[in-house]
Amino acid sequence: MIVSWNTTNQCNMFCDHCYREAGVRQDEELDTQEAKKLLDEIASAGFKIMIFSGGEPLMRPDIVELVAYASEAGLRPVFGTNGTLLTESLARELKEAGAMAMGISLDSLDPVKHNRFRRYHHAYEEAVAGMEACRAANLPFQIHTTVMDWNQHEVTGLSDLAVEYGARGHHIFFLVPTGRAVHLEEESLRAHAYEQLLHDIMDKQLELDIELKPTCAPQFMRVARQKGIRVRYTKGCLAGTSYCIISPTGNVQACAYLNVSAGNVRHEPFDQIWKESELFHKLRTMEYGGGCGRCEYQKICGGCRARAHYYHDGDFMAEEPWCVYHGRDGGYDAK
């Protein structure tokens, strides 16, 4: 099971698509002792992979201490970072503390486009420098890309670049309109472009030894099955079933893009929220509406619950809107 904690809302960038609308540190973010209590409760709930994200997690002054604490609690600490603050010395500190891998953002083959999207003049070159720091420290890393209409044709090229840079994987995040990304909704992929890119990614996987993983695009499980490609995952959308996320101030959500609170760790223990939340119990029924409810790939896909929530007036159990398959009848033909 996987949990992500937005360690802080502070960030050195102001990215166009940020679901947390990060930039400035929030009041009442969890302090070091509250964070350690949270990590204990996460381990108690049976989670294994602990993602430190943000904002920019490397801006949190106690981050190395918390990584060490998570590791000692039996968790596997990994990161979602823009990579610009990663020096070789910090990478070595993190590795020695128990960090297992870094996920570093890179959204275009063109540095100008990446920098514009991240609203940071040196985002590209500093992210690449962060990758070099990881290599020097022998700290594994993967590349994270947010895909939209303007960079969809660069995705497989970025997979090749990930191999060139020595990444162990390339994770491709399909945009969900949340936070600042609401203003980019028109740039998100629609059903046919979404489907084609999933096929392109799965075909590319046959060429490369590193892992290519679409995220917030659970239909990749169906596409992989249809193509006879084996993947190490058992389900596409994990929201509330084997994944959740915690905000800087302790709010628990099923995923980063499904903005519905399951509780707050300051008011009740995380392991209790995970076990008893009405939100999580509802998601675990898999009683989906529309095409997702009748689809034979329901158990391995699940549709994007956050996208369902956005496009169906808050109904997170509704059908995934950007799917061309939707069950055996194939009766959905979104633009």
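For reference, positions follow the sequence shown, starting with 1. Just the heavy atoms: all of them, side chains too, but no hydrogens, waters or symmetry mates, feed the values below.
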Quick check: closest heavy atoms across [X] and [Y], and the distance to 0.1 Å?
| X | Y | answer |
| --- | --- | --- |
| R60 | T32 | NH2-N, 3.7 Å |
| I210 | R168 | CB-O, 3.5 Å |
| A133 | A91 | O-CB, 3.8 Å |
| L258 | Q253 | O-NE2, 3.0 Å |
| L175 | R307 | O-NH2, 3.2 Å |
| T81 | G83 | OG1-N, 3.0 Å |

In Å, rounded to the nearest 0.5 Å, how long is the span from [atom1] of [X] to [atom2] of [Y]?
| X | Y | atom1 | atom2 | value |
| --- | --- | --- | --- | --- |
| R116 | W150 | CZ | CH2 | 8.0 Å |
| E41 | D271 | CD | CG | 5.5 Å |
| C237 | I300 | SG | CD1 | 13.5 Å |
| M317 | L283 | CE | CG | 6.0 Å |
| L90 | C134 | CG | SG | 9.0 Å |
| Y194 | C323 | OH | SG | 8.0 Å |

Check whether [X] and [Y] end up in the same hydrophobic cluster, where Ile, Leu, Val, Met, Phe, Trp and Tyr are linked by side-chain heavy atoms less than 4.5 Å apart.
| X | Y | answer |
| --- | --- | --- |
| I63 | M13 | no |
| F280 | V265 | yes |
| I51 | F270 | no |
| M148 | I143 | no |
| L208 | I172 | yes |

Q152 and L189: side chain to side chain contact (heavy atoms under 4.5 Å, CB included), yes or no, with the steps? CA-CA 8 Å; Q152 62 182 300; L189 300 188; 3.7 Å; yes
Taking 4.0 angstrom as the limit, do [X] and [Y] come out as a salt bridge?
| X | Y | answer |
| --- | --- | --- |
| K204 | D160 | yes |
| E278 | K282 | no |
| R135 | E88 | no |
| R305 | E320 | no |
| E56 | R25 | no |
| E34 | K37 | no |

Begin with the C-alpha distance, continue with both residues' side-chain angles, and end with the deciding distance and a verdict on ring-ring contact (aromatic ring centres under 6.0 Å, His included) for F47 and W274. CA-CA 10 Å; F47 285 82; W274 178 251; 4.8 Å; yes
Pairs involving residues 5-30, ordered by first then second residue, that meet ring-ring contact (aromatic ring centres under 6.0 Å, His included) (sequence neighbours left out): H17-F117, Y19-Y257
Where at least one partner belongs to residues 227-247, residue pairs that pass ring-ring contact (aromatic ring centres under 6.0 Å, His included), sequence neighbours excluded: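 Counting only pairs at least two positions apart or across chains, no ring-ring contact (aromatic ring centres under 6.0 Å, His included) contact touches residues 227-247.
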Could you go step by step and tell me if D107 and K113 meet the salt bridge (Lys or Arg N to Asp or Glu O under 4.0 Å) rule? CA-CA 8 Å; D107 302 300; K113 290 181 181 178; over 6 Å; no
What I'd like to find out is whether the side chain of [X] reaches to under 4.5 Å of the side chain of [Y], using heavy atoms alone.
| X | Y | value |
| --- | --- | --- |
| V231 | M221 | yes |
| L38 | I246 | yes |
| E125 | V128 | no |
| K235 | M286 | yes |
| H122 | T84 | no |
| I49 | V3 | no |
| V260 | H309 | yes |
| M50 | V78 | no |

[Y] and [X] side chains, donor-acceptor separation under 3.5 Å:
| X | Y | result |
| --- | --- | --- |
| H192 | Q196 | no |
| T249 | E29 | no |
| E319 | Y311 | no |
| Y297 | Q219 | no |
| N6 | S53 | yes |
| H183 | E185 | no |
| R180 | T178 | no |
| N259 | Y310 | no |
| D110 | S108 | no |

Indicate yes or no for a side-chain donor-acceptor contact from [X] to the backbone of [Y] under 3.5 Å, with no hydrogens or angles considered.
| X | Y | value |
| --- | --- | --- |
| Q298 | G293 | yes |
| S261 | G263 | yes |
| N151 | T146 | yes |
| N115 | A123 | yes |
| R76 | A101 | no |

Greater than 12 external heavy atoms within 6.0 Å of D209's CG: no
Evaluation steps, salt bridge (Lys or Arg N to Asp or Glu O under 4.0 Å), between D203 and K227: CA-CA 9 Å; D203 289 341; K227 291 178 175 289; 2.9 Å; yes
Go through L109 and L161 one step at a time and tell me if the side chain to side chain contact (heavy atoms under 4.5 Å, CB included) criterion holds. CA-CA 8 Å; L109 295 167; L161 192 68; 4.1 Å; yes
Derivation and outcome, salt bridge (Lys or Arg N to Asp or Glu O under 4.0 Å), residues R190 and D149: CA-CA 9 Å; R190 269 36 182 180; D149 60 359; over 6 Å; no
Side chain to side chain contact (heavy atoms under 4.5 Å, CB included), that's the test. Do I273 and H267 meet it? Break it down for me. CA-CA 10 Å; I273 294 172; H267 303 145; over 6 Å; no
Any chance you could lay out the side chain to side chain contact (heavy atoms under 4.5 Å, CB included) test for F174 and S188, step after step, and finish with the verdict? CA-CA 8 Å; F174 284 59; S188 64; over 6 Å; no
Any idea how F173 and H171 line up, ring-wise: parallel (<30°), tilted (30 to 60°), or perpendicular (>60°)?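 Taking H171 first and then F173, their aromatic rings sit tilted (interplane angle of 30° to 60°).
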